[in-house]
Amino acid sequence: SVVNTSTPQDLTLMLYNGLVKFLKLSIQGIEEKDIEKTNNNLVKSQNIILEFMSTLDTRYEISNSLMSMYDYMNRRLVEANIKKDKAIAEEVLGLAEELRDTWAQAMKLAKQR
């Protein structure tokens, strides 16, 4: 399977892609007024963020900024879910896409060395 041959970096990228996907589905859910779809996908998004938080390597200085970013995203998703607020979910999606793209770029650069 893909997972067995993947590096930790690949797995992180997969998680970021999953986060983006679930956030997009939760936004669809809000638009469709589908409470269950919204809730399920926001919870899946939060689980990925919590996974990132629990595996963050705190030896690096950037980890502090990432930790507060993840914490912020997580709190915003709780709020988005309570209010079924599309704007909040879209804000978090923007952050998730930025994190994913930065990560993908960093992987490309690392492979060129």
Side-chain angles (χ1 to χ4, degrees):
S1 77
V2 176
V3 173
N4 293 341
T5 57
S6 298
T7 64
Q9 290 80 7
D10 292 328
L11 292 174
T12 298
L13 188 59
M14 279 189 241
L15 282 173
Y16 275 132
N17 282 328
L19 179 59
V20 166
K21 183 182 85 176
F22 296 138
L23 286 168
K24 285 181 176 170
L25 287 169
S26 72
I27 290 165
Q28 272 179 11
I30 294 170
E31 289 170 346
E32 294 160 5
K33 300 200 174 6
D34 182 335
I35 306 278
E36 198 178 343
K37 179 177 181 176
T38 302
N39 181 59
N40 288 346
N41 286 291
L42 285 173
V43 168
K44 285 177 185 173
S45 302
Q46 283 175 267
N47 286 339
I48 291 178
I49 292 171
L50 293 171
E51 172 70 18
F52 282 140
M53 288 171 87
S54 69
T55 57
L56 202 55
D57 189 335
T58 49
R59 288 175 305 179
Y60 300 105
E61 212 172 301
I62 193 173
S63 300
N64 293 331
S65 344
L66 275 174
M67 186 59 88
S68 36
M69 168 98 79
Y70 292 145
D71 184 55
Y72 174 78
M73 290 165 79
N74 194 46
R75 279 182 291 133
R76 292 294 276 164
L77 289 182
V78 171
E79 200 181 335
N81 206 357
I82 292 167
K83 298 178 177 170
K84 303 294 178 257
D85 188 320
K86 183 179 158 183
I88 298 175
E90 284 175 337
E91 178 204 356
V92 177
L93 173 62
L95 295 171
E97 288 178 329
E98 212 171 295
L99 284 166
R100 180 200 56 196
D101 296 346
T102 303
W103 186 260
Q105 192 56 37
M107 280 175 68
K108 271 200 200 108
L109 293 172
K111 281 178 181 154
Q112 286 165 8
R113 291 205 178 121

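The first residue of the sequence shown is numbered 1, and numbering continues consecutively from there. Side chains are part of it too, since the values below use all heavy atoms of this structure and drop only hydrogens, waters and symmetry mates.
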Open item on the list: Could you tell me if the side chain of Leu25 sits less than 4.5 Å from the side chain of Asn40, heavy atoms only?
Closed with: no
Open item on the list: Would Arg76 and Leu95 count as a side-chain contact (heavy atoms from CB on, under 4.5 Å) here? Give the steps.
Closed with: CA-CA 11 Å; Arg76 292 294 276 164; Leu95 295 171; over 6 Å; no
TODO: State which residues pass side chain to side chain contact (heavy atoms under 4.5 Å, CB included) with Ile35; sequence neighbours excluded, sorted by chain then number.
DONE: Lys84
TODO: Name all residues meeting the side chain to side chain contact (heavy atoms under 4.5 Å, CB included) criterion together with Lys86; count only those two or more places apart in sequence or in a different chain, and write none if there are none.
DONE: Ile27, Ile30, Glu31, Glu90
Task: Flag, side chain of Thr38 to backbone of Gly29, donor-acceptor distance under 3.5 Å - done: yes
Open item on the list: Under 4.5 Å between side-chain heavy atoms, counting indirect links through other Ile/Leu/Val/Met/Phe/Trp/Tyr residues: same cluster for Leu77 and Ile88 or not?
Closed with: no
Task: Phe22-Leu11 co-clustered via ILVMFWY side chain contacts under 4.5 Å - done: no
Open item on the list: With rounding to the nearest 0.5 angstrom, report the OG1 to CG distance, Thr58 to Leu56.
Closed with: 7.0 Å
Open item on the list: Take a 6.0 Å sphere around CD1 of Ile62 and say whether it holds more than 12 heavy atoms from other residues, nucleotides or ligands.
Closed with: no
Open item on the list: Testing the 3.5 Å rule here: is there a donor-acceptor pair between the side chains of Asp71 and Ser68?
Closed with: no
Open item on the list: Counting C-beta onward and ignoring hydrogens, is there a side-chain heavy-atom pair between Phe52 and Met73 closer than 4.5 Å?
Closed with: no
What donor-acceptor contacts under 3.5 angstrom involve side-chain atoms of residues 44-51, with partners at least two apart or in another chain?
from, atom 1, to, atom 2, distance (Å)
Ser45, OG, Asn41, O, 2.7
Gln46, NE2, Asn74, OD1, 3.3
Asn47, ND2, Val43, O, 3.4

Task: Any side-chain heavy-atom pair of Gln9 and Trp103 under 4.5 Å - done: yes
Open item on the list: As an exercise, state the distance from CG of Leu99 to CG of Leu19, rounded to the nearest 0.5 Å.
Closed with: 8.5 Å
- [ ] May I ask you to test the Lys24-Glu97 pair for a side-chain heavy-atom distance under 4.5 Å?
- [x] yes
Task: side-chain hydrogen bond (donor to acceptor under 3.5 Å, both in side chains) against Glu32, all qualifying residues, sequence neighbours excluded - done: Lys37
Task: Over all atoms of both residues, closest heavy-atom pair of Ala89 and Ala80 - done: N-CB, 4.2 Å
Open item on the list: I need the full list of ring pair (Phe, Tyr, Trp, His ring centres under 6.0 Å) pairs touching residues 31-50, with sequence neighbours left out, sorted by first then second residue.
Closed with: none
- [ ] Kindly write out the residues that satisfy side chain to side chain contact (heavy atoms under 4.5 Å, CB included) with Asn17, not counting sequence neighbours, or none if the list is empty.
- [x] Leu13, Arg100
TODO: Just say parallel, tilted or perpendicular for the rings of Tyr70 and Tyr16, cut-offs at 30° and 60°.
DONE: tilted
Task: Salt-bridge contact Lys83-Glu79 (side-chain N to carboxylate O under 4.0 Å) - done: yes
